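The structure appears below as structure tokens.
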Amino acid sequence: MTFTSFMDIALEEAKAAAARGEVPVGAVIVDTSGQVVAQAGNRTRELHDPTAHAEILAIRSACVAAGTDRLVGHDLYVTLEPCPMCAAAISNARIARLYFGADDPKSGGVGVGAKVFSHAQCHHAPEIYDGIGAQASATLLRTFFQAKREGR
């Protein structure tokens, strides 16, 4: 079986988020047949909702499309390591595989910080593949925050 990455779609969502003034994070959910069923970028500022992270929005959309609260067998591609809130949602949705780009040493919840999937209270841990599109994801984030610091 050949691996097909959907990180390019997540990166496009991240770029669209940046254009809206949001932190540039994008997410894509792929079903068991390899079809994209949801994609989203951050919308916390636009929606005035601190939970409107790309992963949460994509999970909500995929669950509605599937007509269920569980996404068994689905894959999630996200440009940045999920925070603890998103990692918990990924676990609750029973996402099978998590592919993420850039590490998040400040707010990550998978490889650093809370390490949500390693806790006994975590009922489901996805397979994790990091570093997928990491360079492009990190560059997008770095450029976004540098522009913010410079007042652009």
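Computed from a predicted model, the values in this text were never measured in an experiment. Just so you know, residue 1 is the first one in the sequence shown, and it goes up from there.
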> In the hydrophobic clustering (ILVMFWY, side-chain contacts below 4.5 Å, transitive), which residues join Val64, or is it alone?
Replying inline: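 Reading the cluster by chain and number, Val64 sits alone, since nothing else belongs.
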
>> Connecting only ILVMFWY residues whose side-chain heavy atoms lie within less than 4.5 Å of each other, what is the rest of Ile56's hydrophobic cluster?
In response: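 Members other than Ile56 - counting any ILVMFWY side chain reachable under 4.5 Å - are Met85.
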
> Can you list every ring pair (Phe, Tyr, Trp, His ring centres under 6.0 Å) pair that touches residues 27-63, not counting sequence neighbours?
Replying inline: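 Passing the test, one end in residues 27-63: no pairs.
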
> Quick one: ring pair (Phe, Tyr, Trp, His ring centres under 6.0 Å) pairs with a partner in residues 8-36, sequence neighbours left out?
Replying inline: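 For residues 8-36: none.
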
According to the salt bridge (charged side-chain N to carboxylate O under 4.0 Å, His left out) rule, which pairs have a member within [range], sequence neighbours left out?
range            : answer
residues 98-123  : none
residues 2-18    : Glu12-Lys15
residues 123-145 : none

Donor-acceptor contacts under 3.5 Å from residues 95-102 side chains, at least two apart:
residue, atom, partner, partner atom, Å
Arg97, NE, Asp75, OD1, 2.7
Arg97, NH2, Gly73, O, 3.3
Arg97, NH2, Asp75, OD1, 2.9

> Mind checking whether Leu141 and Pro24 have side chains closer than 4.5 Å, heavy atoms only?
Replying inline: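 Yes, side chains in contact.
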
> In chain order, what residues pass the salt bridge (charged side-chain N to carboxylate O under 4.0 Å, His left out) check against Glu150, with sequence neighbours excluded?
Replying inline: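 Salt bridge (charged side-chain N to carboxylate O under 4.0 Å, His left out) list for Glu150, sorted by chain: Arg152.
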
>> The criterion is ring pair (Phe, Tyr, Trp, His ring centres under 6.0 Å); which residues satisfy it with Phe6, sequence neighbours excluded?
In response: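 Partners of Phe6 by the ring pair (Phe, Tyr, Trp, His ring centres under 6.0 Å) criterion, ordered by chain and then number, come out as Tyr77.
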
> Who are the side chain to side chain donor-acceptor pair (under 3.5 Å) partners of Asp69, not counting sequence neighbours?
Replying inline: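 For Asp69, no residue satisfies side chain to side chain donor-acceptor pair (under 3.5 Å) once neighbours in sequence are set aside.
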
> Taking only residues two or more places apart in sequence or in another chain, which ones pass side chain to side chain donor-acceptor pair (under 3.5 Å) with Thr51?
Replying inline: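 So Thr51 forms a side chain to side chain donor-acceptor pair (under 3.5 Å) with Asp49, Arg60.
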
> Does a salt bridge link Glu46 with Arg20, judged by any charged N lying under 4.0 Å from a carboxylate O?
Replying inline: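 Answer for the salt bridge query: yes.
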
